[in-house]
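We're numbering straight along the sequence, starting at 1.
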Amino acid sequence: LENGRLKGRKLDYGAFATPDLSFDGKTIVFAWTENSEHKWTYSKKTCFHLFRVNIDGSNLTQLTDGEYDDFDPCWLPNGRIAFVSERRCGYIRCFSAYLKVRSYTLFSMNADGGDIAPLSYFETSEWNPSVNNEGQLVYTRWDYVDRENCLGTRFWISNPDGTNPRAPHGNYPLPYDTFPGH
C-alpha cells in the first residue's frame, strides 16, 4: 500500500468486497476491511474503506478511512467515484428505541479520494450504485414511506451529481391490490 494508515503493508488478510472496473479498463476500485474486531464496534479496523489499484497490481492507494463503512464503489463517467457510506450519520427508523442501525447513503469523491461530497440526503439506506447506458446513476433505495416495507427496495435513478433523483416505476412498482394478501 502506497499511502494512508496502512502504508507499506499488503492487503493479504481481512475481507474484500464490491470491486468496480474503470471505464478504460485500467483501474479497479474496491472496498476492504481489516475485519479484526467485533462488527458492532465501529473503528478503522472494523469498517470497510475504499482502495484503488491498477489492474497489474501497481499503485495500490487507500482512498477513505475512518469509523464509517464505505463500500459499493462505482466509477462515474466524469472520473469521480460514487459509493455508499454511513457518513451521513443517520439511523434507520426500525428498532430505534433499542438498536441503533446506521443507514447508508450515496456519496462521491475524486479518483484520488479527495472532495468527498454527499449525493443524497435520504433518510434510509441506498445500495448498489451503477451507471446505465445514458450515464445516469442507478441504485436501490429502501424507501418505504407510505408503502408496505417489503415493497420499498426498488431502483432509483439520478444524475451523476445526485440531482433529480426519481423512481422510474412511480410510487409502487405495481398497484398494491395486485399483490396476494394485500
Side-chain angles (χ1 to χ4, degrees), residues 1-92 100-122 124-132 136-142 153 155-158 160-162 165:
L1 191 61
E2 295 187 7
N3 71 326
R5 175 174 52 88
L6 303 169
K7 183 177 180 176
R9 294 177 67 183
K10 292 183 178 185
L11 302 185
D12 57 0
Y13 63 103
F16 292 84
T18 61
D20 193 55
L21 183 64
S22 62
F23 288 99
D24 64 7
K26 296 180 180 179
T27 310
I28 299 168
V29 64
F30 61 93
W32 179 82
T33 179
E34 292 178 74
N35 201 24
S36 61
E37 297 175 17
H38 186 270
K39 181 55 188 150
W40 292 106
T41 303
Y42 291 98
S43 74
K44 291 179 181 182
K45 291 183 176 184
T46 60
C47 290
F48 277 92
H49 309 295
L50 298 180
F51 295 79
R52 186 189 71 231
V53 66
N54 294 335
I55 59 168
D56 66 2
S58 65
N59 197 28
L60 177 59
T61 305
Q62 185 169 0
L63 303 176
T64 66
D65 201 6
E67 296 182 3
Y68 305 106
D69 277 311
D70 297 323
F71 59 96
D72 268 352
C74 166
W75 290 99
L76 295 172
N78 64 3
R80 289 181 66 84
I81 299 167
F83 63 101
V84 174
S85 180
E86 298 170 326
R87 294 170 181 272
R88 191 179 67 78
C89 298
Y91 297 92
I92 66 169
K100 295 285 188 187
V101 178
R102 293 178 176 186
S103 61
Y104 303 93
T105 53
L106 292 169
F107 283 77
S108 75
M109 66 182 162
N110 289 333
D112 65 2
D115 190 33
I116 294 175
L119 294 178
S120 171
Y121 296 95
F122 193 63
T124 60
S125 293
E126 297 166 324
W127 308 95
N128 309 111
S130 63
V131 175
N132 69 13
Q136 297 167 310
L137 191 58
V138 180
Y139 54 96
T140 60
R141 179 180 267 187
W142 186 22
T153 305
F155 80 98
W156 286 65
I157 58 175
S158 73
D161 63 1

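- Annotation: the span from F71 atom CZ to W127 atom CH2 amounts to 4.5 Å, rounded to 0.5 Å.
- Counting only N and O atoms by type, the side chains of N35 and T33 include no donor and acceptor under 3.5 Å apart.
- The pair R5-E34 counts as a salt bridge, with a side-chain nitrogen and a carboxylate oxygen less than 4.0 angstrom apart.
- Looking at every heavy atom in both residues, P129 comes nearest to V84 through CD-CG2, 3.7 Å.
- Shown here is F16, whose CZ atom has more than 12 heavy atoms of other residues, nucleotides or ligands within 6.0 Å.
- The CG atom of N3 lies 8.0 Å from the CG atom of L60; values are rounded to the nearest 0.5 Å.
- A heavy-atom distance below 4.5 Å is found between the side chains of I116 and F83.
- Atoms CZ and OG, from R141 and S120 in turn, are 4.5 Å apart once rounded to the nearest 0.5 Å.
- Listed for the E86 side chain is a donor-acceptor partner under 3.5 Å among the backbone atoms of D69.
- Between the side chain of N54 and the backbone N or O of D56 there is no donor-acceptor pair closer than 3.5 Å.
- Classified by interplanar angle (parallel below 30°, tilted 30° to 60°, perpendicular above 60°), the ring pair W156/F122 is tilted.
- Nearest heavy-atom pair across A17 and F48 is CB-CE2, 3.8 Å.
- Expressed to the nearest 0.5 Å, how far CG of N59 lies from CZ of R52 amounts to 5.5 Å.
- Looking at Q62, its side chain does come within 3.5 Å of a backbone N or O of T64 through a donor-acceptor pair.
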Margin query: Does E126 form a side-chain contact (heavy atoms from CB on, under 4.5 Å) with L119? I'd like the steps, not just the answer.
Written below: CA-CA 11 Å; E126 297 166 324; L119 294 178; over 6 Å; no
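- Looking only at distances, no side-chain donor or acceptor of T105 sits under 3.5 Å from a matching main-chain atom of Y121.
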Next item on the list: Would you check, one step at a time, whether the test side-chain contact (heavy atoms from CB on, under 4.5 Å) holds for L6 with D65?
Entry: CA-CA 10 Å; L6 303 169; D65 201 6; over 6 Å; no
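- Of all the heavy atoms in A82 and L137, the pair that sits closest is CB-CD1, 4.2 Å.
- Using a 4.5 Å heavy-atom cutoff, the side chains of P118 and R88 are not in contact.
- Of all heavy-atom pairs between S130 and C74, the closest is CA-SG, 3.4 Å.
- To the nearest 0.5 Å, the span separating CD1 on I81 from OG on S108 amounts to 9.5 Å.
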Next item on the list: Carefully, step by step, assess F155 and N132 under the rule side-chain contact (heavy atoms from CB on, under 4.5 Å).
Entry: CA-CA 12 Å; F155 80 98; N132 69 13; over 6 Å; no
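- D115 has a carboxylate O that lies under 4.0 Å from a charged side-chain N of R80, or vice versa, which qualifies the two as a salt bridge.
- Shortest non-hydrogen contact noted between P165 and Y139 is CB-OH, 3.6 Å.
- In this structure, CH2 on W32 lies 13.5 Å from CG on L63, to the nearest 0.5 angstrom.
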Check: Which is it for F51 and L1 under the side-chain contact (heavy atoms from CB on, under 4.5 Å) test, yes or no, and what are the steps along the way?
Finding: CA-CA 9 Å; F51 295 79; L1 191 61; 3.8 Å; yes
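- Electrostatic pairing of D70 and R87 counts as a salt bridge here, judged by a charged N lying under 4.0 Å from a carboxylate O.
- Nearest heavy atom pair, residue W75 against residue V131, reads O-CG2, 3.4 Å.
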